[in-house]
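Working notes, structure below.
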Amino acid sequence: MRHMSTDPNLLDDLIARGLMQDTTDLEALAQRLKEGPISVYCGFDPTAQSLHVGNLIGLLTLARFQRAGHRPLPLAGGATGMIGDPSGKSSERNLLDDDALAANLAGIVPILRQFVDFEADENPAKLLDNRAWTISVSILDFLRDVGKHVTVNQMVAKESVKNRMEGADGISFTEFSYMLLQANDFAWLFENEGVEMQIGGSDQWGNISLGVDLVRRRTGGKAHALTWPLLVRKDGTKYGKTAGGETLWLDAAMMSPYRFYQTWMQSEDDELRKLLLWLTFLSIDEVDAVVAEHAEAPHVRLGQKRLAKEITSLVHGVDAASGAIEASEAVFGGAPVEALSAMTFEILADELPTTNVDRSRLDVDDNLVSLLVEGGVAKSKSEAGRLLDQNGISFNDTKISSETVATRADLQHDRFLLIRKGKKSMFLLDFGGPS
RNA sequence: GGGUCGGUGCCCGAGUGGCCAAAGGGAGCGGACUGUAAAUCCGCCGGCAUCGCCUACGUAGGUUCAAAUCCUACCCGGCCCA
């Protein structure tokens, strides 16, 4: 009852946004939140050097809790991440070594910082690594302190396990045990960090609720949990990748802010409301206003622009978002390429796939196909030829044919050649300045 | 361990000596229409700057004028028996 500064509308807001899938006793949770700040944790497995859009809701929800006056604890699962999810058919993954794990953590932490505040005065976020309390636990201790409180019947009854047991591939003991590690995390945090709540995607519900049970059996305490629905497209597929199969990384080095921005720009009208509610901090009223305005004139793509700007700003910061917007306006805004400033091209060079090419390649007969391949426009000369036959390639704003030769006259600012493939794909060749 | 069926292009899946770079579907790409949308229609979709040649149908050999298709060995997967 120290701070009464918590936002009483948090739960209602989450529910209204559609971010509530499963919870433990909702009334008890509401009551607990009313009493003051709660410590809430959400796990992120450091299996790669960056998080991806699948982690976005978790990041945002932690942030929503912090904004509402609670204490967010992101957990980078050094222990669970080391073991990994062995569901793939190939050989079981070995423990990640310390170096790989450290590298992955180093990549993830800056992204976490983008969302939660570790320096706040009242309720700073705290980064957790479950390896700290898991690495030294002996197997006998584990069996006594965790296994003893859980029945196999209970574990087998979990949806995720049931599916795997009925399937042809079965489930390894390691993966079967995974939920115990996660439950142990929750119990440990409850006892040692005062963490009373865990949140996660609905696919985590089994693991999370097992942790809630473990807390009760081991300490008699009452822990809370909440999951959100998984973010899927209309056709039911996951949101983690672009249509082309590219993973939507949150690290700018792994996916440029421009590509990231463009992905959201291409969202469907039907999904705008949900995406705005789930992936931005706009209030529900603001979202509805944007959606209504969008519906007035869908072709203006106001909703997509707002969505892309908000998410890109959250993930990459306002400056990077501005660069992405400027680049997008430059290539999609309708202005002729000739009108773009040298500075705009500098931005484009950062945002678009850009290839350095020697000036001697200009004004040479038959340089076209090889330039297209070098620039990444086509994977092979055959494909380049096909694209040309299909009228799919432009230099700057002009469609070109297989007879075209790239010349100095095509360069913008005597340096850059903008190549379009189809309508949405842009590439830049950088010939350097005149020497 | 024995038997049996199978392993085909990004995925699914036809093809059982020449007409096979390999049907069909999906994904993807380009074009038209558009709103950088959806739906629809058209085209493409191994490589070689391409009317011909090369590389491909689990791997390695073999038979044949000719093999994804037949033979042998091996590897991998499903099912049945033990």
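- As judged by a 4.0 angstrom heavy-atom cut-off over every strand, A:Ser382 is placed among the base-contacting residues.
- Taking atom C1' in both B:A66 and B:A73, one finds a spacing of 24 Å when rounded to whole Å.
- Partner assigned to B:A32 is B:U40, using Watson-Crick or G-U wobble distances below 3.5 angstrom.
- Look at A:Lys381 and you won't find any side-chain N or O under 4.0 angstrom from OP1 or OP2 of B:G46.
- In this structure, A:Gly385 reaches neither bases nor backbone, as no heavy-atom distance under 4.0 Å exists between it and the strands shown.
- Using a 4.0 Å heavy-atom criterion, one finds that A:Asn391 contacts the sugar-phosphate atoms exclusively.
- In this structure, CD of A:Glu268 is placed 15 Å from P of B:U36, rounded to the nearest angstrom.
- Between the CG atom of A:Asp366 and the C1' atom of B:A49 there is a distance of 8 Å, rounded to whole Å.
- Across all strands shown, B:C76 is found opposite B:G6 as a Watson-Crick or G-U wobble partner, with both distances under 3.5 Å.
- Using a 4.5 Å heavy-atom cutoff, the side chains of A:Val137 and A:Asp145 are not in contact.
- Under the Watson-Crick and G-U wobble criteria, each requiring two contacts below 3.5 Å, nucleotide B:C48 is paired to B:G52.
- From A:Leu307, atom CG reaches atom CD of A:Gln266 across 12.0 Å, with rounding to the nearest 0.5 Å.
- Taking syn as a glycosidic angle within 90° of 0, B:C51 qualifies as syn.
- Between A:His413 and A:Phe345, the ring planes lie perpendicular to each other; the angle is over 60°, past the 30° to 60° tilted range.
- B:C42 and B:G47 are spaced 24 Å apart, taking the P atom of each and rounding to whole Å.
- Rounded to whole angstrom, the span from the NE2 atom of A:His299 across to the P atom of B:U36 amounts to 10 Å.
- B:G24: Watson-Crick or G-U partner is B:C12, with both key distances under 3.5 Å.
- When heavy atoms are screened at a 4.0 angstrom cut-off, A:Lys399 is found touching the sugar-phosphate backbone but no base atom.
- A:Asp185 CG to A:Tyr41 OH: the interatomic distance, rounded to the nearest 0.5 Å, is 4.5 Å.
- Remark on RNA chain B: of its neighbouring residues A:Ser328 and A:Ile393, the 5'-side contact belongs to A:Ile393, judged by nearest-heavy-atom nucleotide.
- Of the nucleotides present, none pairs with B:C57 by Watson-Crick or G-U wobble criteria with both distances under 3.5 Å.
- Residues A:Gln198 and A:Leu75 fail the side-chain proximity criterion, which asks for heavy atoms closer than 4.5 Å.
- One distance of note links OG1 of A:Thr355 with CZ of A:Phe427; it measures 9.0 Å at 0.5 Å rounding.
- Nucleotides B:A21 and B:C75, compared at atom C1', are 26 Å apart to the nearest Å.
- Between B:C10 and B:C45, the two P atoms lie 15 Å apart (nearest whole Å).
- Comparing B:C20 with B:U16, their P atoms sit 12 Å apart, to the nearest whole Å.
- Atom CZ of A:Arg306 and atom P of B:A37 are 22 Å apart (whole Å).
- Listed nucleotides B:G47, B:A49, B:G30 differ in distance to A:Lys421; the shortest reach to its side chain belongs to B:G30.
- Of the listed nucleotides (B:G35, B:G47, B:U36), B:G47 has the atom at the smallest distance from the side chain of A:Ser380.
- Considering only heavy atoms from C-beta on, A:Ile38 comes within 4.5 Å of A:His224 through its side chain.
- Distance A:Gln390 CD to B:G30 C1': 4 Å, rounded to the nearest Å.
- Spacing between B:C29 and B:G18 at atom C1', rounded to whole Å, works out to 34 Å.
- Residue A:Arg386 is classed as a sugar-phosphate contact, given heavy-atom separations below 4.0 Å to backbone atoms only.
- Between A:Arg420 atom CZ and B:C29 atom P there is a gap of 18 Å when expressed in whole angstrom units.
- At whole-Å resolution of the value, CD in A:Gln304 and C1' in B:G35 are 8 Å apart.
- Along RNA chain B, the nucleotide nearest to A:Tyr261 and the one nearest to A:Ser370 differ in position, and the one closer to the 5' end is contacted by A:Tyr261.
- Counting any heavy atom pair closer than 4.0 Å across all strands shown, A:Asp389 reaches no nucleic acid atom.
- Ion pairing of A:Arg361 with A:Asp358 is absent here, as no side-chain N (NZ or NE/NH1/NH2) approaches a carboxylate O to less than 4.0 Å.
- One atom, CD of A:Glu383, and another, P of B:C48, lie 10 Å apart when rounded to the nearest Å.
- To the nearest whole angstrom, the two C1' atoms, one in B:G13 and one in B:G7, are 13 Å apart.
- Atom P of B:A27 sits at a distance of 35 Å from the matching atom of B:C76, rounded to the whole Å.
- Put simply, A:Ser425 has no side-chain N or O that comes within less than 4.0 Å of OP1 or OP2 on B:C29.
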